[in-house]
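Heads up, the thing below is written out as structure tokens.
It should be emphasised that the depicted structure is a prediction, and the values quoted were computed from it without experimental measurement.
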Amino acid sequence: VLILRIRRKMDSAQEAKHIYDELGIDLNDLGCIMAEMTAPEIDLPDEWLYYANDKTRLWIDGVVSQSHVTLKYGLLPGVTRKHVDRVLEGWQLTDIQAKDIMVFNSPYEDERYKCIVLAVESDGLVDANRRLSMLPNVSTFKEYRAHLAVAYVREDKATEAVDMIRNQIHGYHPEFTEISYGDQIV
């Protein structure tokens with residue numbers, strides 16, 4: 001008897017959470033540095049929106065009202081604001097371009113949604129990720145894909161939501177407002 005196991009590719013550390021658990025690394029304790037941005041104005045029918053069942057996942061909250069681009073997730077405990085500021089010294093973020101709409105699957109087995117994001121590009125975003133990667137960290141994603149979450153929707157409404165969002169974002173240009181150090185970086 002031949003048994004084939006087809007494994008889907010892993011896109012994030014959430015899919016290997018059991019390994020981190022064995023190593024004593026709580027993914028919720030990792031630091032996250034974000035570039036806060038002006039949010040696009042998105043209007044979707046309420047019945048399409050998805051809200052987290054697990055209320056500790058505060059960010060899974062329908063249409064995103066406070067937008068950010070993650071510059072680096074996975075900073076280890078002990079990294080402080082002073083360390084972040086030191087590696088970002090002289091850094092600038094200008095000329096951010098919204099390029100495309102993408103849909104991410106939920107990384108959580110108990111939360112079945114689609115996250116609709118705008119892919120964004122800027123040399124400054126890539127530079128910040130590179131600089132922040134010099135700090136002690138766990139890489140929790142295979143590659144850095146700068147993006148701005150705009151909505152969490154039911155799985156069966158993702159295609160319709162993408163079409164509606166595409167019509168609503170014409171002329172949207174994200175603007176950087178400030179650095180956010182998240183809850184773990186003090």
Side-chain angles (χ1 to χ4, degrees), residues 12-14 26-44 49-52 54-104 106-107 113 115-153 165-166 168-186:
S12 80
Q14 287 293 337
D26 185 342
L27 295 173
N28 294 320
D29 290 340
L30 299 177
C32 183
I33 306 301
M34 297 158 281
E36 298 293 330
M37 302 287 193
T38 55
E41 297 211 14
I42 303 295
D43 185 31
L44 296 173
L49 302 178
Y50 187 89
Y51 298 90
D54 179 341
K55 297 307 175 195
T56 65
R57 297 175 182 148
L58 304 172
W59 61 93
I60 305 170
D61 194 33
V63 172
V64 176
S65 60
Q66 293 184 310
S67 294
H68 71 268
V69 175
T70 299
L71 299 174
K72 182 66 180 175
Y73 175 76
L75 296 174
L76 293 175
V79 173
T80 67
R81 184 180 287 235
K82 175 182 77 175
H83 300 120
V84 170
D85 290 346
R86 193 175 305 152
V87 298
L88 289 181
E89 187 175 335
W91 173 75
Q92 294 182 10
L93 182 55
T94 58
D95 196 31
I96 307 150
Q97 300 294 316
K99 291 296 186 183
D100 196 10
I101 298 176
M102 300 186 305
V103 178
F104 291 165
S106 167
Y113 63 83
C115 180
I116 301 174
V117 304
L118 297 180
V120 292
E121 289 182 1
S122 166
D123 290 342
L125 294 170
V126 174
D127 183 41
N129 178 265
R130 182 188 56 77
R131 289 173 180 228
L132 291 165
S133 294
M134 290 187 269
L135 296 172
N137 72 88
V138 173
S139 291
T140 56
F141 292 92
K142 290 188 304 190
E143 62 183 293
Y144 180 63
R145 295 189 291 177
H147 63 276
L148 187 75
V150 295
Y152 294 86
V153 299
I165 290 168
R166 185 169 279 119
Q168 295 177 18
I169 62 166
H170 288 295
Y172 168 67
H173 297 286
E175 291 184 31
F176 171 63
T177 58
E178 66 181 338
I179 290 285
S180 171
Y181 296 85
D183 296 333
Q184 306 304 329
I185 305 294
V186 291

- Message: List the residues meeting side chain to side chain donor-acceptor pair (under 3.5 Å) with R81, not counting sequence neighbours, and say none if there are none.
- Response: none
- The ring pair (Phe, Tyr, Trp, His ring centres under 6.0 Å) partners of H147 (sequence neighbours excluded) come to F104
- Message: Test of understanding: with side chain to side chain donor-acceptor pair (under 3.5 Å), list the residues that count as partners of Y144, not counting sequence neighbours.
- Response: none
- Query: For V79 and I185, which heavy atoms make the closest approach, and how far apart are they?
  - Reply: O-CD1, 3.5 Å
- Query: More than 12 heavy atoms of other residues, nucleotides or ligands under 6.0 Å from CG of D54: is that the case?
  - Reply: yes
- Quick one: ring-ring contact (aromatic ring centres under 6.0 Å, His included) pairs with a partner in residues 118-140, sequence neighbours left out? none
- With K55 via side chain to side chain contact (heavy atoms under 4.5 Å, CB included) - residues at least two apart: none
- Note on the structure: In terms of heavy-atom contacts, C32 and T70 come closest through SG-CG2, 3.8 Å
- Looking only at non-hydrogen atoms, find the nearest pair between P40 and L118 and report the distance. CG-CD1, 4.4 Å
- 4.5 Å side-chain heavy-atom contact, L135 and R86: no
- Should L30 and L76 count as side-chain neighbours, where that means a heavy-atom distance under 4.5 Å? yes
- Is the CG atom of D29 crowded by more than 12 outside heavy atoms at less than 6.0 Å? yes
Using a 3.5 Å cut-off and no angle test, enumerate the donor-acceptor pairs between side-chain atoms of residues 172-180 and protein atoms at least two apart in sequence or in another chain.
| residue | atom | partner | partner atom | Å |
| --- | --- | --- | --- | --- |
| Y172 | OH | T38 | O | 2.6 |
| T177 | OG1 | E36 | O | 3.2 |

- Closest contact, heavy atoms only, W91 versus A128: NE1-CB, 3.4 Å
- Message: For residues 126-137, which residue pairs pass the salt bridge (Lys or Arg N to Asp or Glu O under 4.0 Å) check, not counting sequence neighbours?
- Response: D127-R130, D127-R131
Please list, one pair per line, the donor and acceptor atoms closer than 3.5 Å that link side chains of residues 59-69 to other protein atoms, with sequence neighbours excluded.
none

- Item | Minimum heavy-atom distance between N129 and L71, given as atom pair plus value | ND2-O, 2.8 Å
- Listed by chain and number, what are the ring pair (Phe, Tyr, Trp, His ring centres under 6.0 Å) partners of Y113, not counting sequence neighbours? Y50, Y152
- Note on the structure: With sequence neighbours left out, the residues meeting side chain to side chain donor-acceptor pair (under 3.5 Å) with E121 are none
- Query: Between I169 and I101, is a side-chain contact (heavy atoms from CB on, under 4.5 Å) present by the stated rule, with each step listed?
  - Reply: CA-CA 10 Å; I169 62 166; I101 298 176; 4.0 Å; yes
- Which value, rounded to the nearest 0.5 Å, describes the distance between Q97 atom CD and L125 atom CG? 11.0 Å
- Query: D43: what forms a salt bridge (Lys or Arg N to Asp or Glu O under 4.0 Å) with it, not counting sequence neighbours?
  - Reply: none
- Message: Testing the basics here: between L93 and S122, what is the closest heavy-atom pair and its distance to 0.1 Å?
- Response: CD1-OG, 3.3 Å
- Item | Straight-line distance of N137 CG to K72 NZ, nearest 0.5 Å | 4.0 Å
